[in-house]
Amino acid sequence: MPEPLPPQYQPSDHEGPIYQAWERAGVFLPPPRTEGEKTFSILMPPPNANGSLHVGHAVFVTLQDLMVRYHRMKGDATVWFPGLDHAGFETQVVFEKFLEKQGKSRFGMARDEFYDATMAFTKENSTTIINQFRRLGASADWSRLKFTLDPDVVDLVHQTFVTMYEDELAYRDVRPVNWCTKHQTTLSDLETKDELRTDPLYYLKYGPVIVATGRPETIFGDVAVAVHPDDERYSKLVGTEIEVDLGIEQRSIKVVADEMVDREFGTGVVKITPAHDPNDFEVAKRHKLPMDKVAIDERGKLTALTGPFEGLKVEEARGKVVELLQEKGLIDHVDDTYQHTVKVCYKCSRTIEPRILPQWYIAMNRLGTKSGKNLTQHALGAVNDGRTKFVTERFEKLYRHWLDNIRDWAVSRQIVWGIRLPVWYCRCGQTTVRVPTRTEIIFLRHGEGEHNVQGIGNGDPSKPYHLTDKGKQQIAEVVEQFKRDGTTFDAVYASQMPRVQETAKLVAESLDGTIITDKRLNDIVLGELEGQPIEVLHKQTDHHMKSVGGSETFQDVLARIESFVKDRAMDEVQPKRILIITSEISFWALRKVLNPDLEPTEMRTHVLNGETHSFSLGDLTPCSSCGHLVVERDPDVFDTWFSSGQWPVTVPKTTGHADDYERFYPTMVMETGWDILFFWVARMMVFGLYLTDEVPFKQLYFHGMVRDKDRQKMSKSKGNVMDPLAVIDQYGTDALRMALVFNTSAGNDMPIDEEKIRGMRNFSNKLWNISRFILMNAGGSVGTAIEPQTEADTLILTQLDQTIEGATHDIDTFRFHEAAQRLYAFVWDDLAATYIEASKAQLKDDGLAESTKAILIHVLAASLKLLHPIMPFVTETVWQQLPADTKDSPLLAQASWPQATHD
RNA sequence: GGAUCCGUAGCUCAGUGGUAGAGCGUUCGGUUCACAUCCGAAAGGCCGCUGGUCCGAUCCCAGCCGGAUCCACCA
């Protein structure tokens, strides 16, 4: 007889060990591939790697885990791909706040320094959040975890952009963009929100007319006024130039006629400020007006164009400008009741300043010149013909409506944290878009040579200056260091110089590499100066800046090195790390190639024999037109959704399992919140279809947002957030999961409060005590067949069958809350309240006891199975207590989904 | 200006073309050998309003009222 269970279920005693048991048994890994297998794959919406667990994560983990566990039990080849998102702008905003608290700013940091700091911050958060997901019971295959900044993922993202560029779907254009003056970056249309405001509308005396404006401080950027073509009031002015008083200057500006003007608004005259208003920009474009009058800079401060107002922030300037205009009698009157919406940054709520800037865009509504694909039409088509289905259908309408009205997507961001654009601008005017090489060069200066000891120059490879003993020793030490660090090389390049060849041989012997001799790495040719003391050489040639007696100049060496580097940057098969062994002057040239702005004096840093340095070639590329190496790489990074939008394609291609893509793409279900329908879901459809001609997922399921009990959105500032970990500590993961499933129907927001979770904790305990009763009364090994003998027996078995069928159907049709409610009712009402009560008498009846025991165990086992996808921990814990011969698998997580019997 | 959703028990929400459901709350009663994180019982609803389709509408349709949300370049 097993020990009776304690009278109360203590989740914290069991959850950790149970989860470990699953991981140890490899429960979460998909089975080996078999012929004709039925697969089930889900991609986890990658959580931002910048924060900790919130209840929204708990919702999606619960629902996805439910599906995954269900399909695993049904015997499908199941995999749940987990991931983490670098969440570019979001993370940078979080991290900048963190820096601010330490009195730092990203604008005072070098790009690399800031990037590395953010990476460290992100990595730290990543491990935390993954472990928190484990506590939620997530049965994801963690061995397949991917991060959006993994190099192989980045390669694919770059490749997509290159493909789109060649297809003329990615293009650069100069046009007004949404600019946040705090974060100093462009934002997409989705990253701004509207604020309703009441602001004064100023009616300005403007030469012969009166114009209405809400932004008098932009007056210095005015280049014209516009009226409606049919407006007779102003028809005689159209085409003329008028003299206007701007307070600080007189300006002569054009009067143009344009349909954009609303005759009813204000006076029917609009002043045109192309640099600071998208509409005005369009007008200026149509009428070929100048666009270069910029009154506000990237920090939201007025420029020199505004004379005395230079340096003032927009808000301050507005009042001061109004004062000036007032003094000069230029304000006709002011309307204080003017209501309008203002675009603000969705993160910091500062007013968006439109600016005219070059940015990269994705053309949403154009035919690719190579692919012949139209991004929007494909994304709509796949939904129209049912290749992807929506649960619930209402989101399909929103999806359509959004795509029907979409504009081109600005994808470049002026931030650091993210995937940098693979774009270079050559001085010849050419733009090169190419997947950057990941080749890394390790430079090694040869060991001490005999000429070094003598202090003379040697540039002729036929002269026999060999490595000294000390030189050999230096190289031996370098090799040791490589070995200690586990550094290996895909190729070793060496110049022809004997000391270099000897060095290379020593390295290659120990590291098992092939030496490729390349004379472009040779020392500088000295001509008549061969063998002269170093000081003499430098003096006569002015540090190799001029040629003396047939000697090479530094420029000659530079050209050789540049040519060598260009080949490496173009390598078809891209080695990850190559070693080049050469001499000091090549090192200088290498630095200059990678950083052309270096002055000769900065460039000529001394390098010791046997010293190493590493260089990354990723930031340069050969120009696709003139062939020169280009280092002017676009500093911008991609909108984070540009990479996450490709997630369903990139993940299965980069897990390290060659057939994952073939087996598991398209994924079966995408489960996510409706709040990212446009940001993410629509873009995954766009990219999936563009890249693979297949939909990225066959089913879309949207869950609602979790609200507090007063239907308020949870937010830190309101202080009404629920910490899932605190809930788990107190009530157990299963209670949280059951409460979340129980209270959600697709697409609808769900209010959750502690009462509901407590109720489900009670349910876990109920299940526990049902098990306790059954194990105490029927816990021994039971071999009896299921033979209903009483009405109660028949009833419970019928109810069980109905529950199995119902729950299976509910889950298959994404009605998870109905499954939960059905199971809750079955376990509590049918099993506990009715059958167990009836069984108490039956167990005392010798004629009925054995069959009753068998039925109790049978119903319990089936109930555990049915509840396992929702409440994995308590069910598995009890399962471990069941007699072995009642189980089809030692772990419930690997047991089979029950089938209705139908006698 | 366009679009979408919601209105069902005191609260929060499910649900269905045929006699209305759950959780929590409320009231009353229970120290029985699985569980007081429990057990038993009860009260509580013109399913927003008005029309239409139908043998029949809480459900389908139209309009209205009330609430929420999303999208959109009005100086």
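Below, read A as the first sequence line, B as the second, and so on, with proteins coming before strands; counting in each chain starts at 1. Both backbone and side-chain heavy atoms feed into the values below; hydrogens, waters and symmetry mates do not.
B:U4: Watson-Crick or G-U partner is B:A68, with both key distances under 3.5 Å. Applying the Watson-Crick and G-U wobble criteria (two distances, each under 3.5 Å), B:U37 pairs with nothing in any strand. Across all strands shown, B:G23 is found opposite B:C11 as a Watson-Crick or G-U wobble partner, with both distances under 3.5 Å. Base pairing of B:C74 is not made with any nucleotide, judged by Watson-Crick or G-U wobble geometry with both donor-acceptor distances under 3.5 Å. When Watson-Crick and G-U wobble pairs are counted only if both distances are under 3.5 Å, B:C60 pairs with B:G52.
The base of B:A34 has none of its N or O atoms less than 3.5 Å from a complementary donor or acceptor on the side chain of A:Gln8. Contact of A:Lys766 with B:C35 (side chain to base): a donor-acceptor pair of N or O atoms is detected under 3.5 Å.
Using a 3.5 Å distance cut-off with no hydrogens or angles, the side chains of A:Ser771 and A:Gln881 do not pair a donor with an acceptor.
Rounded to an integer number of Å, the gap from A:Glu282 CD to B:C73 C1' is 9 Å. Here the P atom of nucleotide B:C35 and the CG atom of A:Leu775 are 14 Å apart, to the nearest Å. What separates CH2 of A:Trp828 from C1' of B:C39 is a distance of 10 Å, to the nearest Å. Rounded to whole angstrom, the span from the NE2 atom of A:His401 across to the P atom of B:C70 amounts to 14 Å. Between the P atom of B:C70 and the OH atom of A:Tyr346 lies a distance of 15 Å, rounded to the nearest Å. Protein atom CD of A:Gln842 is 16 Å distant from nucleotide atom P of B:A34, rounded to whole Å. Here the P atom of nucleotide B:C70 and the CG atom of A:Asn405 are 17 Å apart, to the nearest Å. The interatomic distance linking A:Met705 (CE) with B:C6 (C1') rounds to 16 Å, in whole Å.
Contact annotation for A:Phe395: no contact, since no heavy-atom pair falls under 4.0 Å across all strands. Among the atoms of the strands shown, base atoms are found under 4.0 Å from some heavy atom of A:Ile836. Contact annotation for A:Ala832: base contact, defined as any heavy-atom pair under 4.0 Å involving a base atom.
Nearest-nucleotide positions on RNA chain B for A:Asp194 and A:Arg263 put A:Asp194 closer to the 5' end. Between A:Leu190 and A:Val269, the residue anchored closer to the 5' end of RNA chain B is A:Leu190, taking for each the nucleotide with the nearest heavy atom.
Taking atom C1' on both nucleotides, B:C49 is separated from B:C11 by 23 Å, rounded to a whole Å.
In this structure, A:Lys766 fails the cation-pi test against A:Tyr824, since its NZ or CZ atom is not both closer than 6.0 Å to the six-membered ring centre and inside 45 degrees of the ring normal.
Salt-bridge formation is not detected for the pair A:Lys397/A:Glu393: no Lys NZ or Arg NE/NH1/NH2 atom is positioned less than 4.0 Å from an Asp or Glu carboxylate oxygen. Remark: A:Glu353 engages A:Arg215 in a salt bridge, criterion side-chain N to carboxylate O under 4.0 Å.
Proximity of the aromatic rings of A:Tyr399 and A:Phe702 is defined here by a centroid distance below 6.0 angstrom, and this criterion is not met.
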